[in-house]
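Working notes, structure below.
In the text below, chain A, chain B and the rest are named by the order of the sequence lines, each starting its count at 1.
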There are 4 protein chains.
Amino acid sequence: MGAGKTKRMPRAVREQQMLDAAVSVFGRRGYMAASMDEIAELAGVSKPLVYLYLNSKDDLFSACIGREARALTEAVRAGVRPGLSADGQLWSGLRAFFSHTARHPDAWRMLHLHARTHGERFAAEVAAMRAEIVAFVTQLIAAAARDAHRVPHLPEGEVAGLAEALVGAAESLADWAGATEGVTAKQAAATLMNFAWAGLGDLMTGRPWTPPEEPQPEPEPVPDPAPRAAPSPAPVAQGAG
Amino acid sequence: MGAGKTKRMPRAVREQQMLDAAVSVFGRRGYMAASMDEIAELAGVSKPLVYLYLNSKDDLFSACIGREARALTEAVRAGVRPGLSADGQLWSGLRAFFSHTARHPDAWRMLHLHARTHGERFAAEVAAMRAEIVAFVTQLIAAAARDAHRVPHLPEGEVAGLAEALVGAAESLADWAGATEGVTAKQAAATLMNFAWAGLGDLMTGRPWTPPEEPQPEPEPVPDPAPRAAPSPAPVAQGAG
Amino acid sequence: MGAGKTKRMPRAVREQQMLDAAVSVFGRRGYMAASMDEIAELAGVSKPLVYLYLNSKDDLFSACIGREARALTEAVRAGVRPGLSADGQLWSGLRAFFSHTARHPDAWRMLHLHARTHGERFAAEVAAMRAEIVAFVTQLIAAAARDAHRVPHLPEGEVAGLAEALVGAAESLADWAGATEGVTAKQAAATLMNFAWAGLGDLMTGRPWTPPEEPQPEPEPVPDPAPRAAPSPAPVAQGAG
Amino acid sequence: MGAGKTKRMPRAVREQQMLDAAVSVFGRRGYMAASMDEIAELAGVSKPLVYLYLNSKDDLFSACIGREARALTEAVRAGVRPGLSADGQLWSGLRAFFSHTARHPDAWRMLHLHARTHGERFAAEVAAMRAEIVAFVTQLIAAAARDAHRVPHLPEGEVAGLAEALVGAAESLADWAGATEGVTAKQAAATLMNFAWAGLGDLMTGRPWTPPEEPQPEPEPVPDPAPRAAPSPAPVAQGAG
DNA sequence: TATGAATGAGTGTTCATTCAT
DNA sequence: CATGAATGAACACTCATTCAT
């Protein structure tokens, strides 16, 4: 059922078939809910062959992440027009990004939703990919700031946060576009440019948004009555200064 | 061992203990990897009691989602200063949001990472919460547009996309703040305001970002099917012109 | 089928039933060939219960070894008449030993044949039991030597080898008695006493067996043509000086 | 990788390589834990070739047993000096035996530990070898009895038991020598001669060991069924009177 | 109100064995 | 003579769920 069992394929080909099937299943079900049985069946092979070629569920997942992370970064890289201005580069990169995630929704779900959920290993693998993209965007923002040359450069930490916000917004929009009928990659990219770029522009021209004065120290008046059953391992940020 | 078995509690209290434990375990492990055994042990009760009160793993998860979604929306609602201007309201709402997610990282992980991953049912439940927040943000944006009254109002669809982008950026920043040492809720909120508000302002004052003219219809020249597992370790960012 | 499923037993009882079944299966099949399914079925319970009570196949095997090793040493200890002469004690001890191994053939097979075959852990556990018995026999031989008082005492190393030989002979005879119809525990014990004791007596009275003079250094003229495919991990004794 | 694939060997040679590898793996791992994969890899050939030449795991094991059993009996036979007295023959035979087992520990483990553990078939094959050796020893004992000619001959059944005990003791000592650093074949043989021969001599000269009178029919007063898992860490040996 | 005892159905993983070349 | 490709059947182990008390 499905792939049509063409027998006796060379290893490299079979391996790609398995990765295809695995990405599909991992993307739709998540790591834990994905069963090796389903992956093998979708790949049109028996389970032992999957293990022979890819060792274990963990290794298989890892291989999927690696392949798809590489594919995504390459797609973005290939989509960027090198000679353009910063916003032109961002625009083309975003279009490539949304285009790729729209074409490979399972891969995107796998990378964005599931890989960060299971074990440091996988999280680290996607984090590496993400870091690459964030670095790229950071460069773009810095370059745009230079071009605007009204401020010499934005403070480092500020840029990091902005790049993070931009990439995060892109990721969320990719989810949204993937879940919403009739939203094209181009529209998603335009929305994000609209949303983000002009604001960045203001920033760069020295007109940042400033928080209003406020006397009271802390929001969240809800006393949060739920008594924690046990301490969460590591609550990172405990409140605003 | 662990929670100190205080026996014979009234049902309501026990139920909350169970939900606390469940949120903690679901948030840290994910739905599939969470085991009813661990939840029961962390709650300090026996497994049958969990089933007696909460029926099934699915129902338990659902109850967790409901409680935490309600808690989050209430926290945001309570944090918003009603009399303020649109950006003042957004700022206070964001602070409440980041503050709450920082204080309840397991709950946030459960809602944002895990609930959307398993079955339409849970996804719908978080979607409802999200829709509430998006609606609120949409109102704010529309109100801001009215205040600016240079354009009568932004087109509906546009506003939806922008609200989506804003909320998505907020969610991503919440993840990021939760994972990064030393980022406070206030800082996260400020970053997002900086990033977004001025851009929105430009939009509202009639200076949207416009895409450049381009002849070719779609990027992604990579023929894509089965990107071979092997080569291309080349990094994305080569520098901005 | 089989054990008659009497339901809802207290844990301690069920645990012993499981150990009984496990000893039987391990003894007959060996560690590797024993399946948890068969053990569970023979015990009249489902597999998960076996895991709930005994954790893993390894732990189950370990528990079996522990219980049966204890049972064997206790049986021997209980069988020895304390007030008797050395040979009287040996005789009664041997009878108890052969009696116990004959009554619990599966346990004996498990301890003697299988436990030494799988992993240092199990080997060490039986080795501890064996060491106890060897120590007991060593004492007896030394005591007999003192009683004979014609030689002050046998050299330490010599006694160790003799005790080892005696225990080894006993073990082999236990196997033999277990495999041969119509050989009783008493007969096996008598055979071993006949075989060993008088020889020991001679030793103690100063008439040891002495090897004949021989010029040539080494036997084994067979050139052993088989070319080893790979070096055995550790060939212990490479020949006689 | 590993054995260095020298291709195109004549069948007989390849077959011996496979048997070498198989003996090594079977001896170290046991029958069940040995994998055809490991054997094939150690032999430096592909798995199908192993099957082509040796049919199945069972047949392979059988072939190993056959070859090594033959090698052992031949080594013993070749080691015996034909013209000697009975004890001289035994001495030389034992030296050859211990020498061979020391040189081929994997083979010895395979024959003595593992082959008796799996199925009647293999047990029968080693039993045949063993029977040959027992018969040889029986001859020697009978011959010695004739030489001593004080008793016409020991009763048949008695001799069988004694030969069994001697061979069993030899086997146990072989294990012991293999596991104990610094015990040579010669020492092991001497120990056994010391242990056994003088005792046999006494037997032959009409001074057997006789059991003491005893009224009670059978020891083992322990009620035995299900010795509770818990107590009694008391050691066996409390001292000899 | 609360639990110790128990299981059906499934998971990832391995292995002896066989084709097709 | 020799192997890369492939699998059916089994195994150890886990989990959500339910009874009987």
Side-chain angles (χ1 to χ4, degrees), chain A residues 5 7-15 32-40 44-60, chain B residues 5 7-11 13-14 32-40 44-60, chain C residues 5-11 13-15 32-40 44-60, chain D residues 5 7-11 13-14 32-40 44-60:
Chain A
K5 301 199 173 194
K7 300 258 183 172
R8 298 277 148 177
M9 322 258 302
R11 171 168 181 153
V13 177
R14 271 276 190 259
E15 225 169 278
M32 290 294 313
S35 94
M36 295 298 274
D37 275 293
E38 185 178 1
I39 291 170
V45 297
S46 70
K47 232 186 330 174
L49 201 61
V50 180
Y51 279 89
L52 187 62
Y53 287 173
L54 288 141
N55 285 327
S56 70
K57 197 185 186 184
D58 266 38
D59 285 358
L60 173 56
Chain B
K5 304 197 171 192
K7 302 253 180 173
R8 301 278 151 178
M9 319 257 303
R11 169 158 186 160
V13 177
R14 272 270 192 265
M32 289 296 307
S35 89
M36 296 298 274
D37 275 287
E38 187 179 359
I39 291 170
V45 297
S46 71
K47 241 187 317 178
L49 201 60
V50 179
Y51 279 89
L52 186 61
Y53 285 177
L54 289 141
N55 285 326
S56 72
K57 198 187 185 183
D58 268 36
D59 286 358
L60 173 56
Chain C
K5 301 198 174 194
T6 320
K7 300 257 185 170
R8 299 278 148 175
M9 321 257 302
R11 170 167 183 155
V13 177
R14 271 277 190 258
E15 225 169 278
M32 290 293 313
S35 93
M36 295 298 275
D37 275 293
E38 185 178 2
I39 291 170
V45 297
S46 69
K47 229 187 330 176
L49 201 60
V50 180
Y51 279 90
L52 186 62
Y53 286 174
L54 288 141
N55 285 328
S56 71
K57 196 185 187 185
D58 266 38
D59 285 358
L60 173 56
Chain D
K5 304 196 170 192
K7 302 251 180 174
R8 301 278 152 177
M9 319 258 304
R11 167 160 186 158
V13 177
R14 271 271 193 263
M32 289 295 307
S35 89
M36 296 298 274
D37 275 289
E38 187 179 359
I39 291 170
V45 297
S46 71
K47 242 187 316 177
L49 200 60
V50 179
Y51 279 88
L52 186 62
Y53 285 176
L54 288 141
N55 286 327
S56 73
K57 197 186 185 185
D58 269 37
D59 285 358
L60 173 56

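The side chain of A:K57 lies closest to E:dG12, out of E:dG12, F:dA6, F:dT3. The listed nucleotides are E:dA2, F:dC19, F:dT7; the one nearest the side chain of B:S46 is E:dA2. Taking only side-chain atoms of B:P48, from C-beta outward, the nucleotide of F:dT18, F:dC13, F:dT17 with the closest atom is F:dT18. Considering only the side chain of B:Y53, E:dT1 comes nearest among E:dG12, F:dC19, E:dT1. Of all nucleotides listed (F:dC11, E:dT3, E:dT13), F:dC11 comes nearest to the side chain of C:S35. For C:Y51, counting side-chain heavy atoms from C-beta on, the closest listed nucleotide (E:dG4, F:dT17, F:dC13) is F:dC13. Listed nucleotides E:dA6, F:dC13, F:dA2 differ in distance to D:L49; the shortest reach to its side chain belongs to F:dA2.
Toward the 5' end of DNA chain F, the nearer of the two residues A:P10 and C:A33, judged by each one's closest nucleotide, is A:P10. Each of A:A12 and A:K47 was matched to the nucleotide of DNA chain F holding its nearest heavy atom; the match closer to the 5' end belongs to A:A12. Between C:L52 and A:M32, the residue anchored nearer the 5' end of DNA chain E, judged by the nucleotide with its closest heavy atom, is C:L52.
Put simply, CG on A:D58 is 17 Å from P on E:dT11, counting in whole angstrom units. What separates CG of D:L54 from P of F:dC1 is a distance of 13 Å, to the nearest Å. For A:E38 and E:dG12, the CD to P distance is 10 Å, given to the nearest whole Å. The nearest whole Å value for the distance from the CG atom in C:N55 to the P atom in F:dC13 is 10 Å. Between B:M36 atom CE and E:dA9 atom P the separation is 20 Å, expressed in whole Å. Nucleotide F:dT3 holds its C1' atom 11 Å from the CZ atom of A:R8, rounded to whole Å. Between the CD1 atom of D:I39 and the P atom of E:dT17 there is a distance of 11 Å, given to the nearest Å. Distance, C:M9 CE to F:dC19 C1': 17 Å, rounded to whole Å.
For the OP1/OP2 pair of E:dA6 and a distance below 4.0 Å, the side-chain nitrogens and oxygens of C:R14 include at least one atom meeting the criterion.
With hydrogens and angles ignored, the 3.5 Å screen pairs no side-chain donor or acceptor of C:K47 with any backbone N or O of C:I39. Here the side chain of C:K57 pairs a donor or acceptor atom with the backbone of C:A34 at under 3.5 angstrom.
Of all heavy-atom pairs spanning C:V45 and C:V50, the tightest one is CG2-CG2, 3.8 Å. Taking all atoms of both residues into account, the shortest heavy-atom contact from A:S46 to A:A40 is C-CB, 4.0 Å. Closest non-hydrogen pair, A:R8 versus A:R14, comes out as N-NH2, 4.2 Å.
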statement: A correct dot-bracket answer for DNA chain F, with pairs being Watson-Crick or G-U at under 3.5 Å, [ ] for crossing pairs and | for inter-strand pairs, is .||||||||||||||||||||

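Using a 4.0 Å heavy-atom distance criterion, A:R11 is classed as a sugar-phosphate-only contact. If you check every strand for non-hydrogen atoms under 4.0 Å, B:A40 touches nothing.
The shortest distance between side-chain heavy atoms of B:L60 and B:M36 falls below 4.5 Å.
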